[in-house]
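Heads up: numbering here begins at 1 and tracks the sequence.
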Amino acid sequence: LYSLPALEGFLAGVGLEAASMGGVGDLLGFTPHSAIEKWAKYKEDYHLRFAYTPKRVRDTLIWGVAVPIGLYFLMKNEQVKVEKQNGRDSKYL
């Protein structure tokens with residue numbers, strides 16, 4: 001394990017501060033890493049940078065329309081086949 005002065009010296013050497021930022025870090029006894037915090041903020045604010053591109057439109061149509069409709073028809077056809085095998089009417093499918 002590292003001693004606290006050694007850790008503070010290392011953090012100062014790489015441009016980070018060992019000072020308290022408040023919040024969860026104080027409660028758990030560690031200092032949040034600024035790069036990780038920056039990445040987390042980037043991930044949290046993704047909705048602000050989101051824009052539809054041709055690839056996203058294609059993916060939305062495939063996964064939001066084609067796949068659900070395809071699954072519906074596959075399940076419906078299987079259900080109709082089973083109903084016919086069992087001698088039941090499937091007029092509502």
With clusters defined by side-chain heavy atoms of hydrophobic residues (ILVMFWY) lying less than 4.5 Å apart, directly or transitively, does Leu61 cluster with Tyr72? yes
Would you compute the distance between atom CH2 of Trp39 and atom NE2 of His33 and round it to the nearest 0.5 angstrom? 13.5 Å
Joint cluster assignment, Leu74 & Val82, ILVMFWY side-chain distance < 4.5 Å: no
One should read off an interatomic distance between Arg88 CZ and Gln79 CD, to the nearest 0.5 angstrom, of 8.0 Å
Interatomic distance, OG1@Thr60 vs NZ@Lys55, rounded to 0.5 Å, equals 10.0 Å
Between CD of Glu78 and CD of Glu83, what distance do you get to the nearest 0.5 Å? 11.0 Å
Could you check whether atom OH of Tyr52 has more than 12 heavy atoms from other residues, nucleotides or ligands sitting under 6.0 Å from it? no
In one Ile/Leu/Val/Met/Phe/Trp/Tyr side-chain cluster, 4.5 Å: Val57, Val65: yes
Heavy-atom pair of closest approach, residues Ala51 and Arg56: O-NH1, 2.6 Å
State plainly whether the residues Arg49 and Asp45 are in salt-bridge range, i.e. N to O under 4.0 Å. no
Gap between atom OG1 of Thr53 and atom CG of Asp59 - 0.5 Å precision: 8.0 Å
